[in-house]
Number of protein chains: 2
Amino acid sequence: MEKGWKMKITIYDVAEAANVSIATVSKVINNTGNISDKTRKRVKQAMKDLEYHPNILASALMGKQTKTIGLLIPDLANPFFSELARRIEDRGHELGYNLVICNTDYDGDKEDKYLQLLNQKMVDGFVLASGFEDLEKVEELIKREIPVVIVARDFPMFSVNAVAIDDFMGGYIAANHLMELGHKNIGVIARDLWSNRERLRGFNHALDEHGLKLNKNFEYIMDIHDIDHIYEGREMTKKYLLEDDRPTAIFACNDLLAAGAIQEAKELGFKIPENLSVIGFDNTSIATVIDPPLTTIAQPIESMGREVMDLMVSIISGEKKEKSRVTLLPSLVKRKTTKAFEVTSNTY
Amino acid sequence: MEKGWKMKITIYDVAEAANVSIATVSKVINNTGNISDKTRKRVKQAMKDLEYHPNILASALMGKQTKTIGLLIPDLANPFFSELARRIEDRGHELGYNLVICNTDYDGDKEDKYLQLLNQKMVDGFVLASGFEDLEKVEELIKREIPVVIVARDFPMFSVNAVAIDDFMGGYIAANHLMELGHKNIGVIARDLWSNRERLRGFNHALDEHGLKLNKNFEYIMDIHDIDHIYEGREMTKKYLLEDDRPTAIFACNDLLAAGAIQEAKELGFKIPENLSVIGFDNTSIATVIDPPLTTIAQPIESMGREVMDLMVSIISGEKKEKSRVTLLPSLVKRKTTKAFEVTSNTY
DNA sequence: TTGAAAGCGCTACCAC
DNA sequence: GTGGTAGCGCTTTCAA
């Protein structure tokens, strides 16, 4: 029979060409069983000649891995998440996995749909960078023994695999940096996410240690579905800055929010950092793009991506049986948006 | 037999529960054949009761679609691509498709590897946003009748499905905008990509119409693998601006490059746009983040994503047999980085 | 060291 | 209308 160029070539073709059974071919593909060097060589040659590539779906049907991981992420257009996805994909590629990436927009229904769909597609596991404020679905997965690792979002009192930074510490560092510069009256802008609440908690804790207290007028926790961070950052900043006892510094819980804060402040005639200090969070690429370059709390995005995939693979391979949690440390990246507070600077 | 909570439930379980054959179940799943309402209802109920979800891989083995598309993209961390990926995913989701996203870094070997791998995984088609300066692999796919659509990258003399903007026109618009403002001496910064070369061609064409000519000292085409656009933008800008006959405006072929240009110019003491006009390309979110907000040539990213998936699906479904190419139009988004050139402004 | 054969979960053709 | 059955391409006993 003529093997046309379009014919999909299967294990049978290889077997025929190498004059062995498909069982033998399968064994050399998977390096299992005992095959003599001679046959092995012959089979390999046949595979090469025919440009044979095993159909992964068929083998998955037999219980093998699909070598595909589902990544649920709130919003790829958000630099933090796209950079994280990038890193996870990089490491996945190194380890032989592909990523199905899904945007959830913090929408529970979408999360459900994707989880279910990717399950049907037999992904080997899920990386969840999504909101999942609701633990039910995650528990369901775990009960069904599907590998799950949560990233950038910790569930302190729940037994899941997770990699995240110490958000509390991040907030703590931010506050201390600002206080060291002499700021006492600080405004904060956050989102209604666990991680952001932790950052605030750390922030407040640091304040507390110095006998300071956050002015509730200068605390804003925006709705999770307000997607335009820049706008929100601007609005809040305007509100804060127009008050008589306006803050001398702002802690924004992500870089985008900080960008908005800076834009608005400048537009209102404030000089940054002379009249107002701003500190962000995440250290995404936009921190270096805005002017002045943003002082921010860095999440080690690359390491996070790496750790996530490594953890995932160790779970899949079964070498990690108990749940484990890796916590990375945030760090202060000083750039140009924070400066020592001087009394005179408050009246510009 | 006790159906444990972990048992994977199959079409057989449904058949048993509904007291029909698996053939019948299959028919109600796929809405094929003739099934009486009574049985249909019974089967559906059984599926619901058992929380049955068909194994997509198994049906794919039988020649059905995997409902998964491979997306090859140079770099998810680049805002243009992450925003595009976001839009493609959105539309894919609406149409019932998932996306396997792969970063290629314009690396031919990675492109090959991914193409081959995703092929094994039986994706229904490929969206290529990657470099693919080399057409061979694409031709190979097409010959094998695998649906392919190219995005943000046109192959004018080659018959492929593609959606892209008119890059020539984009460059043309940019040049005209600058010339209308009185600029005659303009520097350009581009990458060594087809799209960028087209933009330059359009740019030069416009110049030509006005009897102007690009000073070759102020033209730079950076290597495709130089990944740090900001840095490159800065370096070139410094070089240009330190010349005696320095340009009064810069056309950067993407927003990141423009961001670098602006940073450097400001650092050298130039006021933007008073002493130097800068125009970018893409209109990514960073255009609104930098200061001053960047005037740029917008690519309609959302429409592009939509068109790409729509085209892909129409190819898969077989309703589009001939190749087709959709060209979207770029548009000028005026913000704050371009301004009329005044003679005095050249000596600040 | 090799191969025959029994599936994996599903679809589709052909009988009844 | 419904069901039996032959695969899809692969892995994995179990015999030879």
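Chain A is the first sequence line, chain B the second, and so forth, proteins listed ahead of strands; every chain is numbered from 1. Hydrogens, waters and symmetry mates play no part in the numbers below; they use all other heavy atoms, side chains included. What you see is a predicted model, and the numbers here were worked out from it, not measured in a lab.
- Applying the side chain to side chain contact (heavy atoms under 4.5 Å, CB included) criterion to B:Val25, with sequence neighbours excluded, gives B:Ile11, B:Val14, B:Ala15, B:Val20, B:Ile29, B:Val43.
- Pairs of residues two or more places apart, or lying in two chains, that qualify as side-chain hydrogen bond (donor to acceptor under 3.5 Å, both in side chains) and include a residue from residues 306-316 of chain A are A:Arg91-A:Asp310.
- With sequence neighbours left out, A:Ser195 forms a side chain to side chain donor-acceptor pair (under 3.5 Å) with no residue at all.
- Pairs passing the ring pair (Phe, Tyr, Trp, His ring centres under 6.0 Å) check and including a residue from residues 80-116 of chain A, sequence neighbours excluded, read A:His93-B:Tyr114, A:Tyr114-B:His93.
- For DNA chain D, the outermost nucleotides in 5' to 3' order that have an atom under 4.0 Å from a heavy atom of chain B are D:dG1 to D:dG9.
- End-to-end axis angle of the helix from C:dT1-D:dA16 to C:dC16-D:dG1, from C1' rotation axes over five pairs per end: 40° (rounded to 10 degrees).
- Residue order along DNA chain D, read from the 5' end via each residue's closest nucleotide, puts B:Asn34 first among B:Leu61 and B:Asn34.
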Under 4.0 Å protein heavy-atom contacts per nucleotide of nucleotides 10-16 of chain C, with B for base, S for backbone only and - for none: BBB----

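- Counting to the nearest Å, the C1' atom of C:dT2 and the CG atom of A:Asp37 are 15 Å from each other.
- Judged as a ring pair (Phe, Tyr, Trp, His ring centres under 6.0 Å), not a single pair has a partner in residues 11-70 of chain A (not counting sequence neighbours).
- Applying the side chain to side chain donor-acceptor pair (under 3.5 Å) test to B:Ser82 and every residue at least two apart in sequence or in another chain returns nothing.
- Legend: residues meeting side chain to side chain contact (heavy atoms under 4.5 Å, CB included) with A:Ala85, ordered by chain and number and at least two apart, are A:Leu71, A:Ile73, A:Leu76, A:Ile101, B:Leu76.
- The residues A:Lys110 and A:Asp105 are annotated as salt-bridged, a charged nitrogen and a carboxylate oxygen being separated by less than 4.0 angstrom.
- Applying the side-chain hydrogen bond (donor to acceptor under 3.5 Å, both in side chains) test to pairs two or more places apart or on separate chains, those with a residue in residues 25-36 of chain B are B:Ser26-B:Asn30, B:Asn30-B:Lys64, B:Ser36-B:Thr39.
- Checked against side chain to side chain donor-acceptor pair (under 3.5 Å), B:Asp75 has the following partners two or more places apart in sequence or in another chain: A:Arg86.
- A straight line from NZ of A:Lys38 to P of C:dT1 spans 12 Å, rounded to a whole angstrom.
- In this structure, A:Glu16 places its CD atom 14 Å from P of C:dG3, rounding to the nearest Å.
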